[in-house]
A.B. asks: 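Below is the structure I would like to discuss, written out as structure tokens.
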2 protein chains.
Amino acid sequence: MPYTYEYPHPAVTVDGVVFGYDEADLKVLLIQRDQPPYRGKWALPGGFVDMNESLEAAARRELEEETGVTELYLEQLYTFGEPKRDPRERVISVAYYALVKLADHTVRAASDARNVAWFPVANLPALAFDHEEILDVALRRLKGKIRYEPIGFELLPEKFPLSELQRLYETILEQPLDKRNFRKKILSMGLLADTEEIQQDVAHRAARLYRFDEPSYRRLKKAGFNFEL
Amino acid sequence: MPYTYEYPHPAVTVDGVVFGYDEADLKVLLIQRDQPPYRGKWALPGGFVDMNESLEAAARRELEEETGVTELYLEQLYTFGEPKRDPRERVISVAYYALVKLADHTVRAASDARNVAWFPVANLPALAFDHEEILDVALRRLKGKIRYEPIGFELLPEKFPLSELQRLYETILEQPLDKRNFRKKILSMGLLADTEEIQQDVAHRAARLYRFDEPSYRRLKKAGFNFEL
DNA sequence: TCAAAAGTGTTAACCATACACCCATGC
DNA sequence: GCATGGGTGTATGGTTAACACTTTTGA
């Protein structure tokens with residue numbers, strides 16, 4: 001027991017809410033615990049913060065270690081620290097949420113062989129600790145933020161048809177959007193570049209594929225433009 | 001040295017960015033440190049989290065102990081945890097920001113006789129640790145949030161004239177607002193109750209005093225109303 | 001009577017919404 | 001040729017933005 005302090009110190013962990021999206025659903029990445037407490041229960045990936053790494057670095061490391069997910073949009077969400085949230089000892093958890101392009105990231109089981117899987121947020125298992133609350137906060141944040149920051153693109157493949165973008169918004173905001181108005185608005189922003197490509201192998205007229213034009217966005221933003229819906 | 005752990009644990013603190021407002025300025029509450037490191041420097045009030053209290057309770061307790069400020073709007077801001085942000089040991093700081101009615105809170109020097117004072121945010125001294133960064137994040141949050149949540153009232157006295165509300169918004173948003181449009185909009189929301197009182201002892205026509213009607217706001221909110229600007 | 005801030009309406013431009021049909025493609 | 005989703009324009013109503021003068025009060 002080599003680490004001693006004059007005053008008691010809580011443990012500090014990071015937990016990650018990783019969102020992905022496929023044609024049908026918004027999904028979240030969970031791991032199945034193989035140690036008590038909550039052995040066998042599903043939980044958010046996470047772990048202890050090392051003494052020499054920043055909180056964000058810890059979150060990235062844990063996500064990579066436990067799920068193989070890398071290269072993601074990551075943002076601090078909220079810090080959870082109720083005294084009894086972990087039955088073992090006082091644990092402060094700094095939660096992050098992440099957005100990944102599902103197609104690029106086939107998750108692999110973690111090195112320690114725990115189960116890893118995507119669950120639709122509309123149909124989740126019971127979660128360990130206070131992870132349902134964390135997920136809830138993450139969902140509210142995503143729902144709020146997607147309306148005034150262009151982060152939805154982080155959940156889509158590099159190239160996507162407008163209908164897929166619309167479906168993503170409809171799924172996350174939980175409300176239908178008018179097709180013509182949606183297209184008009186999003187195209188008028190000048191954030192999407194036409195890739196000059198079209199869908200392949202679809203059983204109907206193939207849609208144009210667009211891509212989020214990051215440099216344009218930065219330019220517009222500097223000029224005072226504010227993304228909204 | 002009675003507290004030992006199998007793995008190293010960082011220390012966890014809370015820091016508070018307390019905002020106040022008077023006719024002229026947005027202000028922030030700072031304390032002058034009387035211990036190294038940064039002895040003599042101004043800093044945000046804060047301190048260690050006790051093992052049996054929640055993070056928010058810790059923030060409230062520290063603010064009360066160090067500045068005498070109580071009964072305030074308090075919200076978690078962000079968690080700062082860069083490895084070297086405190087030269088003594090690894091310290092994770094969960095920052096909160098608070099809004100208080102300046103008139104109600106003449107600050108008292110803390111029990112341990114440290115200096116406490118309000119500073120205009122436009123004219124701050126150099127701060128200890130990474131507290132300038134924390135303050136910066138708090139300002140951005142306040143600026144964003146005041147536009148879509150009715151939190152500005154937390155900074156004003158119970159009863160206030162519309163012009164003072166407008167000045168508050170102009171100060172925080174750092175942009176002038178049109179008087180007629182501002183009044184039209186804010187009054188049309190139905191959130192302000194006319195107190196039937198008027199200003200006293202002013203050297204010009206006395207303005208009506210209004211008060212934020214919390215029950216009305218809750219009712220409207222439940223009915224789907226969204227405050228904006 | 002002057003200074004200082006309170007209080008008050010109208011118009012024009014813009015933006016959001018609602019809404020329906022033809023097109024291209026693969027089966 | 002039919003089913004599937006892609007793609008397109010207009011009209012209306014509501015919201016925002018711009019703008020100037022009269023009123024009240026105390027000094």
Side-chain angles (χ1 to χ4, degrees), chain A residues 21-25 146-148 156-157 159-171 173-211 220 223-229, chain B residues 21-25 146-148 156-157 159-171 173-211 220 223-229:
Chain A
Y21 177 78
D22 67 18
E23 296 79 46
D25 282 313
I146 203 174
R147 303 197 51 184
Y148 60 90
L156 295 179
K159 300 166 184 177
F160 52 86
L162 288 186
S163 57
E164 207 173 319
L165 183 62
Q166 183 179 343
R167 240 192 322 277
L168 169 68
Y169 272 85
E170 289 176 329
T171 304
L173 298 178
E174 296 177 283
Q175 57 169 294
L177 299 171
D178 179 85
K179 180 163 62 154
R180 278 177 289 191
N181 294 336
F182 180 82
R183 291 170 159 256
K184 218 183 312 169
K185 187 151 187 184
I186 201 91
L187 287 176
S188 73
M189 289 181 186
L191 298 178
L192 296 186
D194 189 338
T195 63
E196 316 260 293
E197 293 173 56
I198 58 170
Q199 287 179 312
Q200 301 298 322
D201 305 315
V202 287
H204 54 78
R205 176 174 174 181
R208 289 177 120 74
L209 298 178
Y210 292 85
R211 126 189 102 65
L220 285 164
F225 165 82
N226 274 311
F227 180 87
E228 189 165 346
L229 210 153
Chain B
Y21 177 77
D22 67 17
E23 296 80 46
D25 282 313
I146 203 174
R147 302 198 50 185
Y148 60 91
L156 293 179
K159 300 167 183 176
F160 52 86
L162 288 186
S163 57
E164 206 173 320
L165 183 62
Q166 182 179 345
R167 241 192 322 276
L168 170 68
Y169 272 84
E170 290 177 329
T171 303
L173 298 178
E174 297 178 281
Q175 57 170 295
L177 300 171
D178 179 86
K179 181 163 63 155
R180 278 177 289 190
N181 294 337
F182 180 82
R183 291 170 158 255
K184 218 183 310 167
K185 188 152 187 183
I186 201 92
L187 287 176
S188 74
M189 289 182 186
L191 298 177
L192 296 186
D194 187 339
T195 64
E196 317 258 294
E197 293 172 55
I198 57 169
Q199 286 179 312
Q200 301 298 322
D201 305 315
V202 287
H204 54 77
R205 176 173 175 183
R208 288 177 120 75
L209 298 177
Y210 291 87
R211 124 190 105 63
L220 286 164
F225 165 82
N226 274 310
F227 181 87
E228 189 166 346
L229 211 153

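In what follows, chains are A, B, ... by sequence order, proteins preceding strands, each numbered from 1.
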A.B. asks: Please round to the nearest 0.5 Å and tell me the distance separating atom CZ of R208(B) and atom OG of S163(B).
C.D. replies: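 Going from CZ on R208(B) over to OG on S163(B), the span is 13.5 Å.
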
A.B. asks: Testing the basics here: between E228(B) and K185(B), what is the closest heavy-atom pair and its distance to 0.1 Å?
C.D. replies: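 Between these two residues, the closest heavy atoms are O-CE, 3.6 Å.
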
A.B. asks: According to ring pair (Phe, Tyr, Trp, His ring centres under 6.0 Å), who are the partners of Y21(A), at least two apart in sequence or on a separate chain?
C.D. replies: none

A.B. asks: Taking for each residue the nucleotide of DNA chain C with the nearest heavy atom, is it A207(B) or R205(A) whose nucleotide lies nearer the 5' end?
C.D. replies: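 Its nearest nucleotide being more 5', the pick is A207(B).
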
A.B. asks: A quick test of your reading: do over 12 heavy atoms of other residues, nucleotides or ligands sit less than 6.0 Å from CZ of R211(B)?
C.D. replies: yes

A.B. asks: Could you give me the CA-CA distance, side-chain angles and deciding distance for N226(A) and Y148(A), then say whether side chain to side chain contact (heavy atoms under 4.5 Å, CB included) is met?
C.D. replies: CA-CA 7 Å; N226(A) 274 311; Y148(A) 60 90; over 6 Å; no

A.B. asks: Would you please name every residue forming a side chain to side chain donor-acceptor pair (under 3.5 Å) with E170(B), sequence neighbours left out?
C.D. replies: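 Here the qualifying residues are Q166(B).
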
A.B. asks: List the steps, then state whether side chain to side chain contact (heavy atoms under 4.5 Å, CB included) holds for L220(B) with F227(B).
C.D. replies: CA-CA 9 Å; L220(B) 286 164; F227(B) 181 87; over 6 Å; no

A.B. asks: L177(A) and Y169(A): which non-hydrogen atoms are nearest, and at how many Å?
C.D. replies: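 Minimum heavy-atom separation between L177(A) and Y169(A): CD1-CB, 3.7 Å.
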
A.B. asks: Should we say atom CZ of R167(A) is surrounded by more than 12 heavy atoms from elsewhere, each under 6.0 Å from it?
C.D. replies: yes

A.B. asks: Any heavy-atom pair between the side chains of L156(A) and Y210(A) that's under 4.5 Å?
C.D. replies: no

A.B. asks: Taking heavy atoms of chain A and a 4.0 Å limit, find me the 5'-most and 3'-most nucleotide of DNA chain C within that range.
C.D. replies: dA16(C) to dG26(C)

A.B. asks: Go through residues 191-203 of chain B and report each residue with a non-hydrogen atom lying under 4.0 Å from DNA chain C, sorted by number.
C.D. replies: none

A.B. asks: Report the residue (S163(B) or A206(A)) whose heavy-atom-nearest nucleotide on DNA chain C is the more 5′ of the two.
C.D. replies: S163(B)

A.B. asks: Starting at CE of M189(B), measure out to CG of L229(B) and round the result to the nearest 0.5 Å.
C.D. replies: 7.0 Å

A.B. asks: Anything under 4.0 Å to a heavy atom of chain B counts; send over the first and last such nucleotide of DNA chain D, read 5' to 3'.
C.D. replies: dT16(D) to dG26(D)

A.B. asks: I need the residues from residues 176-185 of chain B with at least one non-hydrogen atom less than 4.0 Å from DNA chain D; give them sorted by number, or say none.
C.D. replies: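 Within residues 176-185 of chain B, the residues near DNA chain D are D178(B), R180(B), N181(B), K184(B), K185(B).
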
A.B. asks: What is the distance from atom CG of D201(A) to atom CD of Q199(A), rounded to the nearest 0.5 Å?
C.D. replies: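 Spacing of CG (D201(A)) from CD (Q199(A)) equals 10.0 Å.
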
A.B. asks: Would you find a donor on one side and an acceptor on the other, under 3.5 Å apart, between the side chain of T195(B) and the backbone of L209(B)?
C.D. replies: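 Yes; judged by distance alone, with no hydrogens or angles, the pair exists.
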
